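As the structure is a computational prediction, the values presented were derived from the model and not from experiment. We're numbering straight along the sequence, starting at 1.
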Amino acid sequence: FLAKQIFDNWELSGVSQFSSGSPWEFGMASLQPSRSQSLTGSPDYGARMLLTCDPTGPRTREQWFDPTCLKLPDIGSAGYGPRMYMSNPGVNNTDLSIYKNFPIGGGDTSKKIQLRFEMFNAFNHPNFSGVQSGLTWNVASDFSDYYAKQQFNSSYVRNTRTGVNPPTGTTASSLRLGRALGEVNAVYGQQARRVIQLAAKVYF
């Protein structure tokens, strides 16, 4: 009888979602200081960043891609890099529910007390919403050093943690991920962390 009370009348249910991240590509870098000069020779057709290696990178929270593969296109060129070659972080989420039923109606199985233990994002897996990929290149106002600075280098590409013009500050907001190039952005709302709720339900 004791074993029956312990091991009977359990319910387990859950929903899991697994998906790869959406595809994207780097936008053309902003050139600082600002200059109204078209790289492509056309006001309607924008240039594209070039790739010198596979930019997929380590895919860690601090460095999702390898920016050293990026290169500015030649002046007068539209760029010839591939399209949609990167992917955002995917989704890995599991919601679980565990119920224990205690019959209270003798032979009437519809009468019971149900204890409910529910977890959203049960394995506490972070699901990130995107990657900081904004590119800003420091070049001379007359573009005299443009070709010398075509290949990515943190000494003249802004907004990297270790290079020129890094995000500053000591507050949690200043230090959070997503402020520097290559870092993942914020997590999705309800998938940010594990949420546990307990409840009791009476059926009669």
Side-chain angles (χ1 to χ4, degrees), residues 19-91 126-189 191-193:
S19 65
S20 58
S22 56
W24 62 278
E25 64 185 83
F26 288 95
M28 178 58 194
S30 170
L31 301 177
Q32 297 292 328
S34 246
R35 180 175 168 83
S36 57
Q37 176 172 338
S38 171
L39 294 177
T40 64
S42 168
D44 303 316
Y45 192 76
R48 299 208 310 267
M49 295 298 298
L50 307 183
L51 302 179
T52 59
C53 58
D54 181 359
T56 300
R59 296 202 173 191
T60 63
R61 290 182 297 176
E62 293 78 15
Q63 195 62 58
W64 188 255
F65 53 79
D66 180 5
T68 63
C69 295
L70 299 176
K71 182 181 178 181
L72 296 173
D74 291 343
I75 296 175
S77 166
Y80 47 84
R83 303 301 304 269
M84 311 306 280
Y85 44 82
M86 299 296 297
S87 62
N88 282 305
V91 174
N127 294 287
F128 298 102
S129 60
V131 182
Q132 171 57 261
S133 59
L135 298 167
T136 301
W137 244 261
N138 283 351
V139 297
S141 58
D142 60 358
F143 276 40
S144 59
D145 60 354
Y146 182 86
Y147 285 108
K149 292 183 175 180
Q150 269 189 287
Q151 192 71 38
F152 176 95
N153 190 298
S154 60
S155 66
Y156 45 78
V157 177
R158 300 162 68 90
N159 201 38
T160 64
R161 288 286 180 187
T162 58
V164 62
N165 192 42
T168 59
T170 57
T171 64
S173 176
S174 300
L175 297 173
R176 67 174 173 80
L177 290 177
R179 296 199 66 211
L181 181 68
E183 297 176 346
V184 296
N185 292 328
V187 294
Y188 291 110
Q191 297 173 332
R193 60 186 63 85

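Residues L39 and M28 share a closest heavy-atom pair of CD1-CE, 3.2 Å. The two residues P67 and Q63 come nearest to each other via the heavy atoms CD-NE2, 3.5 Å. When all heavy atoms are compared, the tightest approach of G163 to P166 is O-CD, 3.3 Å. Nearest heavy-atom pair across Y156 and K149 is CE1-O, 3.4 Å. Closest approach of M86 and F65 over heavy atoms only: CE-CB, 3.4 Å. Closest heavy-atom contact between L50 and P73: CD1-CA, 3.8 Å.
A donor-acceptor contact shorter than 3.5 Å links the side chain of N159 to the backbone of R179. Of the possible donor and acceptor atoms, one in the side chain of D145 sits under 3.5 Å from a partner among the backbone N and O of A140. No side-chain donor-acceptor contact under 3.5 Å links W137 to the backbone of A29. Between the side chain of W64 and the backbone N or O of S87, at least one donor-acceptor pair lies under 3.5 Å. Distance alone, capped at 3.5 Å, places no donor-acceptor pair between the Q151 side chain and the N153 backbone. A donor-acceptor contact shorter than 3.5 Å links the side chain of Q150 to the backbone of L72.
The distance from atom OG of S30 to atom CG of L135, rounded to the nearest 0.5 Å, is 9.5 Å. Put simply, NZ on K71 and SG on C53 are 11.5 Å apart, with the number rounded to the nearest 0.5 Å. Taking CG from L70 and CE from M49, the interatomic distance works out to 5.0 Å, rounded to the nearest 0.5 Å. Atom CD1 of residue I75 and atom OG of residue S77 lie 10.5 Å apart, to the nearest 0.5 angstrom.
The aromatic rings of F26 and W24 stand perpendicular to each other, their planes meeting at an angle above 60°, with 30° marking the opposite boundary.
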Given F152 and T52, is the side chain to side chain contact (heavy atoms under 4.5 Å, CB included) satisfied, shown in steps? CA-CA 10 Å; F152 176 95; T52 59; over 6 Å; no
For a salt bridge (charged side-chain N to carboxylate O under 4.0 Å, His left out) check, start with the C-alpha distance between R161 and E62, then their side-chain angles and the critical distance, and finish with the verdict. CA-CA 10 Å; R161 288 286 180 187; E62 293 78 15; over 6 Å; no
Tell me, with the steps shown, if T56 and D66 meet side chain to side chain contact (heavy atoms under 4.5 Å, CB included). CA-CA 6 Å; T56 300; D66 180 5; over 6 Å; no
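Looking at S129 and N185, their side chains never bring a donor and an acceptor atom within 3.5 Å of each other.
Annotation: side chain of V131 is in contact with side chain of P89 (closest heavy-atom distance under 4.5 Å).
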